[in-house]
Amino acid sequence: RGSASTSTIAAGAGGCAAVKLLAIETATGACSAALQVDGELASRHEEMPRGHAERILPMVDELLAAAGVALGQLDAIAFGRGPGGFTGLRLAASVVQGLAFGAGLPVLPVSTLRAVAQVALELDGQAEAVLACNDARMHEVYWAGFLRDPAGLAAEASPERVGAADSVLLPALLQGRVVRGAGRGFVAYPALGERLGLARGPAWTLLPSAAAVLRLAVPDWLAG
């Protein structure tokens, strides 16, 4: 499935709307790119089992062309740094390294699990916390807990881990809150959600997006 979207971002503390950032995410079955320029966030997002290498640069070119911005005019480039599939992570890191080196731009790595949590928080305004869980194959999952911070962003509440589905626990900081399970680790191992008391919902099918990576990267950029 493919999609394109554009949204307006309100200027917040630190001049968020003035930041010019590009982001890409290829660590899972989603291939996506996002661009924020002058308060407008535009993105391209396609779910595909393979072919990320052929699509990611055209996505970037489409976004830059539509915004009328050259790569060298950006402030930085962000990317989903995993955990995720080796091929997808290698692709994201190498593409961003090449683009950033050629344009003299800094790079901002963002957790792919955190990006999944961010998508879930934006999907469900009632959620106070998210247990993000992605399928790691080989009978394992990547997982970590996140809290909604005052700005509505996913804040780390536990370290990222990888292991068998039955080793996943609800982090202490998430207990007693409205928690949603997010990510396809719950689809691969539905008993995981049942064991932790996390109701099945649309967030179980979520994949990370470059738009979420970008939103999470902005505070890092503003913080230097």
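We count residues from 1, following the sequence as given.
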So, His52 side chain and Thr28 main chain: donor-acceptor pair closer than 3.5 Å or not?
yes

Between Glu62 and Arg44, is there a side-chain N and carboxylate O pair less than 4.0 Å apart?
yes

Residues that Glu122 engages under salt bridge (charged side-chain N to carboxylate O under 4.0 Å, His left out), provided they are two or more places apart
Arg215

Say whether, by atom type as modelled, one donor and one acceptor occur between the side chain of Glu128 and the main chain of Arg148 under 3.5 angstrom.
no

Checking Phe186 now: which residues fulfil ring-ring contact (aromatic ring centres under 6.0 Å, His included) with it, not counting sequence neighbours?
Trp204

Please enumerate all residues that pass side-chain hydrogen bond (donor to acceptor under 3.5 Å, both in side chains) together with Ser111, with sequence neighbours excluded.
Glu160

Between Ala165 and Arg195, which heavy-atom pair has the shortest distance, and what is it?
O-NH2, 2.9 Å

Distance-only, no hydrogens or angles: does the Gln73 side chain make a donor-acceptor pair with backbone N or O of Ala70 under 3.5 Å?
yes

Any sub-3.5 Å donor-acceptor pair from Arg114's side-chain atoms to Ala154's backbone N or O?
yes

Enter the distance from Leu153:CG to Leu147:CG here, rounded to the nearest 0.5 Å.
12.5 Å

Would you say the side-chain atoms of Asp75 pair up with the backbone N or O of Val19, donor to acceptor, closer than 3.5 Å?
no

Any side-chain donor near an acceptor of the partner, Thr112 and Glu25, under 3.5 Å
yes

